[in-house]
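Contents: one structure, followed by commentary.
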Amino acid sequence: MTARISLRVVALGYLALLLVFPVAMVFARTFEKGVGAAWAAVTSPDALHALWLTILVAAISVTANTVFGIVCAIVLVRHRFRGRGLLNAVLDLPLAVSPVVVGLALFILYSRTAPVGGWLAEHGIRVIFSTPGIVLATMFVSLPFVVREVMPVLREIGTEQEQAASTLGASPFQTFWMVTLPAIRQGVAYGVVLTTARAIGEFGAVSVVSGRISGLTETMTVYVQDRFQNFDLVGCYAAAVVLALIAIATLLLTDLFKPKEEQ
Amino acid sequence: MSIAARNVSKKFKDFVALDDVCVEAPTGSLTALLGPSGGGKSTLLRVIAGLEQPDSGQVVISGEDKTGLPPQKRGVGFVFQHYAAFKHMTVFENVAFGLKIRKQPRGAINQKVYELLELVQLEGFAGRYPAQLSGGQRQRMALARALAIEPEVLLLDEPFGALDARVRQELRVWLRRLHEEMRVTTILVTHDQEEAMEVSDRIVVMNHGRVEQVGAPQELYEHPASEFVMGFIGPVNRLGQTFIRPHDIEIRLTPNGSTHEATVDHLIYLGFEVRAELTLKDGRNLWAQLRREEAKSLELESGKLVYVSVGHSRVFGRPAEEVHP
Amino acid sequence: MIYLSLIVLIPLAAVLWQSAKGGAGGFLQQVSNPEAIAALRLTLLASLVVVLINVVSGTLIAWVLVRDSFRGKGFVNALIDLPFALPTIVAGLTLLALYGPKSPLGLNIAYTKAAIIMALLFVTLPFVIRAVQPVLAELDHEMEEAAYSLGASPIASFRRVILPNLLPAILSGTALSFARSVGEFGSIVLITGNVPFKTEVASVYIYGQIQSDNVSGAAAVSVLLLVISLLILLAISGLNRWGTRHDR
């Protein structure tokens, strides 16, 4: 019994020191100089622009990755083909590759001196130091989540419901829309929440490709660093708190969407 | 409304699931495909439904060749072993699914669905979700869903396989009645010989991807065409090449010209029926099936010496004959 | 597949192409730069320390979450995922707030190697816990009881019965946290000061090279990190196969 309690104390103490106190500290620092100062900091034009850009980038990446994720999960679970194992392995790459390397990769490919970037620049499309680059970087790092959440659900529901729908006269499209999609909706929702969290929180890759131009290519996370380096601690902590609140909201949402047996 | 599968073959990689199979189900019949698992019966059903494509052969429904058609264009009702209920839809929505796909007016859908729910005795359950139903109720819902599209033929794939024994028994009787009422040509896949004999009017016995025998239940029981059919359709004693049903073994207390000496090893009382496990003088084992009164009047008990005579038995590969064990 | 190529594969191929442009000699020259070597060594060492701590703390926390029961357990359980949800830059900032220059604890580890370890521990916290937790929860209590009935002490039964069953999960959680540690950037960049040869890790080094326009140098070190990532992915898929060997 005492052994059990001391284990509990050690575990909770570790979590408190590593997780709870530091996060609480950020909240405390933010409101050190009053709620007004914090509010002013997050409503400054640069902060608002960063927030807006973050939401825009997240919206595009999440939409693209959700569509891709569902299609890819169906292909991987329902079909057998050559290269399936390879595809499956490549999907995990974004989880294992350093965000800075992702940023570098896009930088090499799309900078003006590179063939692809140069060609795009001639046609008036700027990727690096601009929104498209940020979107690409975010898409890269948040790619696997929907696929990985949908695959086990698809496997579990099996094909019988889909076959039943087809014997009842439903076309493949109707079957997908009326049977498959509603059956996997929890997995999709969970994946979307995770993708959103990752998209909003991405820093390393975005930091490399964005050029960090205040009021133009700064997302929330880059803005936090920018404020820090400019010794504007209130602005920095306030923006961090906004992101932390989004993270906590994400946690609550994931708890809601988590498949029952995992709870 | 008849169903015919002609010379259907189907392989999964190296495994031959169907080997040149020909099966017919006449209009209005209830045909059972009976056999051990892996015997090809489910595959045949799925080929008929269009859920699998045969490597060769034809599927003809109501005189029309439907071989190349996808399942949604075949007009078949299919009921799955594990119900395949749409979990996110209510019972009503499940049954209405096929009608909605066919863009029927709402009033007609409502009427039809409630008619069917009454037929399958689920009137009060329209608003429930499948998770709130018992296994038997789910399967009745699945049947109503299949019947809603007024299929030309009804295909049931081990429909009662996932249910417990008592519910299975109830549903068999119920299915038999339903079929007598609706007269939709039906094929039922089962591995349970009792179920096949109780429900269907024709049985197709399948094994190793081939048809072993086709006939009425009684016919199969009395004139099995092969050792396999005889063994699958009822209990059997095997002595060398000879096959004897346990109820064809007579136990006497006195010998006569054609009896054999045996010892009673063990008696099993199953209510009305008593099973006597016997060892012949030469050491071979067999068991006999007697009525309770018979066992009583013979005063059978373990260790008792008796004399057995064999009534009807069969030897396969040669014409049936009386044999001496 | 095309989408995947466009988003993931082609950019990564570009890194390879860039690093190969200077030939093998150029590549070697870039990665044998003393600053690069120091950064790589620090990265690997720090990651190693971090995963070792994670093995113990992660297993312990998973154990407490599965086997113990106390008020607020659900809350603690939800908390574990916070490092995944929290942007890395914010993670770095939170640590700086508590353990930085104006630390209310009087504990200033900013700009030291300890800060790197701390930041990595923060962001990799969930991996081992989340890998071990479901396995531990599903582990048959009867197996332990059988061990007790055969005379094993609690410690012996943990070591001989439970641990072998948890091992694949622990290892795959460890591999994931190692991969994450090696590539981590956001949480480290604020708290370590990024002093070359002292607190500069590989990802920060790459970032610095990009900023100072040495793309080839950045690409060369990136290729090494990519190789490490790939090896870890391979190791994990191998581990998964090994972990299910008794079930086949």
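Order of the sequence lines fixes the chain letters, A, B, ..., with proteins taken first and strands second; residue numbering starts at 1 for each chain.
Residue contact with chain A, scored on non-hydrogen atoms closer than 4.5 Å, involves the backbone of C:Ser69 exclusively. For chain A, the nearby part of C:Leu226 is the side chain; its heavy atoms alone come within less than 4.5 Å. Using a 4.5 Å cut-off between heavy atoms, C:Ile232 makes no contact with chain A at all. Neither the backbone nor the side chain of C:Leu65 comes within contact range of chain A, judged by heavy atoms closer than 4.5 Å. No part of C:Ala137 comes within reach of chain A, as not one of its non-hydrogen atoms sits under 4.5 angstrom from that chain. The contact between C:Leu233 and chain A is made entirely by side chain atoms (from C-beta outward), counting heavy-atom distances below 4.5 Å. Both the backbone and the side chain of C:Val8 come within less than 4.5 Å of a heavy atom in chain A. Only the side chain of C:Ile53 comes within contact range of chain A, with at least one heavy atom under 4.5 Å from a heavy atom of that chain. Residue C:Leu234 does not touch chain A at all, counting heavy-atom pairs closer than 4.5 Å.
The heavy-atom pair separating A:Thr250 from C:Ala85 by the smallest distance is CB-CB, 4.5 Å. When all heavy atoms of A:Leu7 and C:Val64 are compared, the closest pair comes out as O-CG2, 3.7 Å.
Among C:Gly92, C:Ser203, C:Ala91, the residue making the largest number of heavy-atom pairs under 4.5 Å with chain A is C:Ser203. Interface remark: of the candidates C:Leu86, C:Leu93, C:Val15, C:Leu93 forms the most heavy-atom pairs closer than 4.5 Å to chain A.
A side chain to side chain donor-acceptor pair (under 3.5 Å) check over residues 137-146 of chain A, counting only residues at least two apart or in different chains, returns the pairs A:Asn65-A:Ser142.
Here the side chain of C:Ser229 pairs a donor or acceptor atom with the backbone of A:Ala96 at under 3.5 angstrom.
The interface of residues 15-24 of chain A with chain C, defined by heavy-atom distances below 4.5 Å, comprises A:Leu15, A:Leu17, A:Leu18, A:Leu19, A:Val20, A:Phe21, A:Pro22, A:Val23. Of residues 234-243 of chain A, those residues with a non-hydrogen atom less than 4.5 Å from any non-hydrogen atom of chain C are, in numerical order, A:Cys236, A:Tyr237, A:Ala240, A:Leu243. Using a 4.5 Å heavy-atom cut-off against chain A, the contacting residues of residues 175-185 of chain C are C:Ala179, C:Gly183, C:Phe185.
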